[in-house]
Amino acid sequence: MASNLGTIGSGGLSAASTPAAQAIYRRRRRGNKILLTLSVGATIFGLAWLVLILGALLYQGFSGLSLAVFTEMTPPPGSAGGLLNAIMGSLVMTFGGVIIGTPIGILAGTYMSEYGRNNKLTMVVRFINDILLAAPSIVIGLFVYEVVVVRMGHFSAFAGMAALAILVIPVVVRTTEDMLNLVPNQLREAAASLGLPRSIMIRHVAYKAAMSGIVTGVLLAIARVSGETAPLLFTALNNQFWSTNLNAPMSSLPVTIFQFALSPYPDWQKLAWTGALLITFTVLALNIVARAFLSPKAQK
Amino acid sequence: MVDAAMTGAISAGMDSAKLKRMRRFKAGDATFRALTLSAALMVLVLLGGVIISLVHGSIPALSTFGFGFITSQSWNPVTEKFGALAPIYGTVITSFIALLIAVPVGIGIAIFLTELCPPWLKRPIGVAIELLAGIPSIIYGIWGLFVFAPFFQTTIQPFLIDIFAPIPVLNSLFAGPPYGIGILTAGFILAIMVLPFITSITRDVFDTVPPVLKEATYGLGCTTSEVVTKVVLPYTRVGVIGGVMLGLGRALGETMAVTFVIGNAHKISASILSPGTTISASIANEFTEAVGDLYTSSLIALGLILFVITFIVLAAARLLLMRMNVKAGN
């Protein structure tokens, strides 16, 4: 009697206290422990790569960071130099791509959210846009090569900008549509009841309400294209010298890294690491700033 | 509506300045709408343009080699004989290796984030994983070539060769000298790159499981692992597969990272430790150096094949995720 009470007291498991039942219970607990350990392990495994990659970048690239990197041109092998023309080229082409791509992206997102919310065209555009968002960027490079480089007869910074703009558009379309969809309808109704035409309502009410989200989209787009290499390889090509001529080949940081890293010269490889450090931390900073811009409500 | 307002305005005896402003409003409205509509159509035009230009560019190669283009392994710029089999094989096998590693890890991280992680840690870990997606592809390449490949060559590859040497089929899969670079290395780097995509989609679809379902299962006395394998995963199966397909689409088209570490060898070897090539790596390596129309056209044809494959994979992924969204009620 006393032992019976004890069993009940220790958790009411009298039915489960047969050896067979306890074995099942132990097995279930073991299975649980294994899965949970594996999932913790997976998380550590995933995060380890971020640490390893950033660590290697700092270790290899930081020592090469000097004023010369920002003030001198890319050197011929064997002599000292910097990355000025590559940095400049990247800034110019990223800026150009964003300037061309952003308005198109915002307007397309506006149509999808404000005029054709969930109509057939919007569904199709959204579907195609999502595919463009993940489409291989090298294919975009081939497309621009075919329609711009072949037509013009030579590689140029314009072609590079066009390729980057095509990569900017889907990112901006996506965020603009999502952010405008979050704007409460009461705002639109209030504007309409004041007699405002729709286009003015969109520009002065909806855009303002969704502004931080749209800016986030643009920042994410900048982050995405500033590291892109593949679409520039055969559009803007590369340029060993300072050039501001948009109609001529232009150097860019990613393409220079590609060329220098695969070269047999140690000083070029060193510069490649420094360039890699610059790009990565710029892109990661943009990513973090973009997230900070987003209001907590839109952060899911 | 504006029409009605205008008629109203006229009957109320509005002066011509106000009428003019109304007309300007109406014109501005129509212009803005047309602008947004044409921008939306532009997205479709872009995709159409990509397809048309790739098809146009690959006509010389496809008409010369015909169907043999995708079944031939030869890639000889001197005799101008081109076949896409080796790059297609490399693309498929590296992506397969990538998924083999990234899918279990991605699902594991998603389980950790949704079931185990203390709330204050959720955001930092989530952001860290997303940052992994933000690192440009070329950085994975330079890191893979200078840091990962030498490590792989001296530690992991000799270990794999030794351990599989006595096993009949697997020894040819892991045969040959440890080069460091090669198919397996490329697959591994790809796995790290697609991991964040698979993780974030899997986590999102895990979050769509109604809490009552999980709570009821816990209430029956189930362990966390039973809740995950018997409730969460079956409920979200379609979405998880969609996320995996999305990751596959990324892996298939990834260029720069693979170009650095795959070795660019146009051959199919039984061993996954040997160098190979992928479609995107071939294009990135050879396009600017390609002489002759047939060579260039063959590379564009490779691009067309890549685009068609990724298009199908990504479209399937989107359709699966849309089904999942309908289920979740958004």
Side-chain angles (χ1 to χ4, degrees), chain A residues 28-29 31-32 35-36 38-40 42-43 45-47 49-50 53 56 104 107-108 110-112 115 121 124-125 127-132 134-139 142-143 146-147 166 169 173 197-199 223 227 229-230 233-234 237 254 257-258 261 272-273 276 279-280 283-284 287 291, chain B residues 2 25 28-29 32-33 35-37 39-40 42-44 46-47 49-50 53-54 56-57 105 108-109 111-112 116 125 127-129 131-132 134-139 142-143 145 147 192 195 223-225 228 246 249-250 253 255-256 280 283-284 287-288 300 303 306-307 310-311 314-315 318:
Chain A
R28 287 177 55 207
R29 280 180 52 128
N32 190 41
L35 187 90
L36 298 188
L38 284 179
S39 81
V40 173
T43 309
F45 179 84
L47 294 178
W49 299 113
L50 186 69
I53 292 172
I104 299 173
L107 286 174
T110 306
Y111 175 81
M112 292 159 77
Y115 289 109
L121 177 65
V124 173
V125 172
F127 188 76
I128 296 298
N129 189 65
D130 280 347
I131 286 177
L132 279 179
S137 56
I138 191 147
V139 171
L142 284 178
F143 166 62
E146 280 276 301
V147 298
I166 294 175
I169 291 172
V173 169
R198 203 162 182 183
S199 62
T229 320
L233 282 176
F234 28 81
L237 205 68
I257 295 173
F258 180 52
W273 274 108
I279 284 198
T280 311
V283 168
L284 293 190
N287 263 302
R291 267 163 239 283
Chain B
V2 182
F25 272 163
D29 244 15
F32 191 69
R33 192 196 147 96
L35 265 177
T36 60
L37 179 63
M42 175 122 182
V43 174
L44 304 184
L46 271 181
L47 184 89
V50 170
S53 77
L54 288 179
H56 174 257
V105 175
I109 299 177
I111 293 173
F112 177 80
L116 285 178
I125 292 186
V127 170
I129 297 286
L131 286 186
L132 212 48
I135 296 178
S137 156
I138 187 149
I139 307 301
I142 186 170
W143 180 79
L145 181 66
V147 180
I192 306 172
L195 182 62
T223 61
T224 306
S225 83
V228 169
L246 207 62
R250 292 274 178 175
T255 310
M256 297 321 292
S280 50
I283 301 171
F287 197 82
T288 43
I300 294 176
L306 176 66
F307 192 67
T310 46
F311 188 92
L314 292 171
R318 281 294 154 202

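Chain letters run A, B, ... following the sequence lines, proteins first, then strands; residues in each count from 1.
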Closest heavy-atom pair, A:Thr229 versus A:Pro254, reported as atoms and distance to 0.1 Å, is OG1-CB, 3.3 Å
Which bit of B:Leu116 comes within less than 4.5 Å of chain A, counting heavy atoms only: side chain, backbone, both or neither? side chain
Which answer fits B:Val105, side chain, backbone, both or neither, if we ask what part of it has an atom under 4.5 Å from a heavy atom of chain A? both
Which atom names give the shortest non-hydrogen contact between B:Leu132 and A:Gly46, and what distance separates them? CD2-O, 3.6 Å
Nearest heavy-atom contact between B:Ser225 and A:Asn32 is N-OD1, 2.8 Å
Picking from B:Leu145, B:Leu35, B:Leu44, B:Thr288, which has the most non-hydrogen pairs under 4.5 angstrom with chain A? B:Leu44
Chain A: which of B:Gly253, B:Ala284, B:Pro136, B:Ser53 shares the most heavy-atom pairs with it under 4.5 Å? B:Ser53
Can you tell which of B:Ile111, B:Ile125, B:Leu131 has the highest number of heavy-atom pairs within less than 4.5 Å of chain A? B:Leu131
When the 4.5 angstrom heavy-atom criterion is applied to B:Thr310 and chain A, the contacting part is side chain
What option among B:Val228, B:Ile142, B:Leu314 has the most heavy-atom pairs under 4.5 Å with chain A? B:Ile142
Flag, side chain of A:Asn287 to backbone of A:Val283, donor-acceptor distance under 3.5 Å: yes
How long is the gap from OG1 on B:Thr36 to CD1 on A:Ile104, to the nearest 0.5 Å? 13.0 Å
Largest heavy-atom contact set with chain B, pairs under 4.5 Å, which of A:Gly227, A:Ala261, A:Ala272: A:Ala261
Of the listed A:Thr43, A:Leu233, A:Val139, A:Leu132, the one with the largest count of heavy-atom pairs under 4.5 Å with chain B is A:Thr43
From B:Ile109 atom CD1 to B:Leu195 atom CG, the distance as rounded to the nearest 0.5 Å: 4.5 Å
Rounding to 0.5 Å, atoms CZ (B:Phe32) and OH (A:Tyr115) come to a distance of 5.5 Å
Shorter than 4.5 Å, heavy atoms on both sides: which option in B:Gly49, B:Gly249, B:Ser137 has the most such pairs with chain A? B:Gly49
Can you tell me how far CZ of A:Arg29 sits from OG1 of B:Thr223, rounded to the nearest 0.5 angstrom? 10.0 Å
Mind checking ring-ring contact (aromatic ring centres under 6.0 Å, His included) for B:Phe307 and listing every partner two or more places apart, or none if nothing turns up? none
To the nearest 0.5 Å, atom CG of A:Leu121 lies from atom CE of A:Met112 at 8.5 Å
Distance, nearest 0.5 Å, that separates CD1 of A:Ile138 from CG of B:Leu306: 8.5 Å
Examine whether an atom of B:Ile192 lies under 4.5 Å from a heavy atom of chain A, and if so say whether it belongs to the side chain, the backbone or both; otherwise answer neither. side chain
Under 4.5 Å from any heavy atom of chain A, what part of B:Leu37 do you find: side chain, backbone, both or neither? both
Among A:Tyr111, A:Phe258, A:Phe127, residue most engaged with chain B (heavy-atom pairs, under 4.5 Å): A:Tyr111
Quick one: which of A:Val147, A:Leu142, A:Leu35 has the most heavy-atom pairs under 4.5 Å with chain B, could you say? A:Leu142
Between B:Val147, B:Ile300, B:Thr224, which has the largest tally of heavy atom pairs under 4.5 Å with chain A? B:Thr224
Proximity breakdown for B:Ile139 and chain A, heavy-atom pairs closer than 4.5 Å: side chain
Heavy-atom distances under 4.5 Å only: say whether B:Thr255 touches chain A with side chain, backbone, both or neither. side chain
Quick one: list whatever passes ring-ring contact (aromatic ring centres under 6.0 Å, His included) with B:Phe287, sequence neighbours left out. A:Tyr145, A:Phe234
If one checks every heavy atom of A:Ile169 against chain B at 4.5 Å, the contacting part turns out to be side chain
Sort B:Ile283 into side chain, backbone, both or neither according to what part of it lies under 4.5 angstrom from a heavy atom of chain A. both
